[in-house]
Amino acid sequence: HIATSLPLPSERDHLRPRIDMIVFMIDIKSKYSLKNVEDSLAHVDARFFLGKVCFLVTGVGRVNCCSVDMNAVWKLGENYCSPVLFCELELEGTRVATAQRLLRMLQICAGHVPGVSALYFSTLM
Amino acid sequence: MDETVAEYIRRTVLKIPRDEIKTMLQKWGFLSETQLQTINFHQMKDNISQDVVQCCEENSASIKQAAVLDIIYNHSYPNKRMWSVYQMNKTEEETDFFDLTDFRKKFKRHLRSALKNVTINFREYENNAIWIRIAWGTPYTKPNQYKTSYVVYHSQTPHAFISPSVLKSNLPLLCQALVVASNYQDIHEMELRSHSLNSLEDMVFKRYSQNFETYCPRPLQESTVAQESAAGLRIVQENINEKERIQRVNRDTFGDGPQPKLEFAEYKLETMFTSDPKLEVLDKKEPFRCMVKFHSPHLLESLKSLAPAGMADAPLSPLLTCIPHKARNYFKIREKKGFFPGSFVSP
């Protein structure tokens, strides 16, 4: 499910399955995306922050267009005890690799991998 | 043939992209087909231009013919110049029958009576557009062919598009000559400027696709189909209602067709600065002067894509969306009492 911000529209509540993982995407070129993520975090139930939340910073291939303060992003990861991943969507290689990573994390969050719990993701920080 | 004319023709040919040179010379019609056959259009541009000048020597070209070539070049590539829009008006309602010869005579006479050293050329194009090229001199020097003004006058309308030369002092004289020759009473500049002459014409003559009020409450089905085809049906857009609303509002504001091409919009603010009175900033009760300028290779298209890209709320501010309707891109915003007082004073 893709959303532009939280909270999710309530009229679709009955159509939504259980949410196993939330990936917050921050575009390094847009200060607005960071602000949007910070505002949306306030609407997330505290139980998600036990390994079911992850921050994905995109657009890292274009460092010269960076307008987001990286310290702020690291701090965000620390404050919410969630890992921060980096990716460049325009390059197929990193895009596929990141997708596979996220998929693996999702499997663990959904409980499909026996013996591994989402709480282990704190080691990724 | 005069050396200056030869040099001018050579430089004009050099401006033309190599693939277009032959067609443009054919449009010019000054060199015969046999002469054109003798020129190799696949060599370096420097050599092509030398060959062209050679042929012109054989035909003894004068500045008049060279000026026509310049007009043809500027008609094909009008976007290299900056154009301003002017509107003329007169009080009597009777519409005189437009006579081109009469217009030319009066225009030339008025200009020449004030300034002897000018080169004036006319060329008619489709849609009743008359292109006028003026090269300015001074009472003591010959006209400078490299510092030209262009006027595109649509004879069936009160509008003229002027691309002034760098010698700005000649502009009032030019405007006067235009008014006198076209039997109007006065002329004023509209607050509209751009490099794209076609877009200016589209905006002034309302030829772009405008939005119309649609009374159909249900959104059209095509938009949803397009979104679903992307990347499989397993992606669920949570905010699809909002996205569709934005598309609808955007379509209502901008219409479906391509937007006229503008490079900038300038807003001059003369509003009072409002802040916390405790800060004691600007205790003088004077308007706070400030200018906001939007630059873009294609301003209206980028405004149109702001809301769908998530960078602005839809609907956009009417200050931005009124640009094509009001046919202006210079605004003065004053206090209260409605927005733009519609000042026609050029900034």
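Keep in mind it's a predicted model, so treat the numbers as computed, not measured. Chain identifiers are assigned alphabetically (A, B, ...) following the order of the sequence lines, protein sequences preceding nucleic acid strands; residue numbering begins at 1 within each chain.
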Taking donor and acceptor roles from the modelled atom types, list the N and O pairs under 3.5 Å across chain B and chain A.
from	atom 1	to	atom 2	distance (Å)
B:V236	O	A:I2	N	2.8
B:E238	N	A:I2	O	2.7
B:E238	OE1	A:R16	NE	3.1
B:E238	OE1	A:R16	NH2	2.9
B:E238	OE2	A:H1	ND1	2.5
B:E238	OE2	A:R16	NE	3.0
B:N239	OD1	A:T4	N	2.6
B:N239	OD1	A:T4	OG1	3.3

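- Checked against ring-ring contact (aromatic ring centres under 6.0 Å, His included), A:F48 has no partners two or more places apart in sequence or in another chain.
- Contact of the B:V236 side chain with the A:I2 side chain is not registered, since no non-hydrogen atoms from C-beta on lie closer than 4.5 Å.
- For B:S76, there are no side-chain hydrogen bond (donor to acceptor under 3.5 Å, both in side chains) partners, not counting sequence neighbours.
- Judged as a side-chain contact (heavy atoms from CB on, under 4.5 Å), and not counting sequence neighbours, the contacts of B:K261 are B:S196, B:S199, B:H298.
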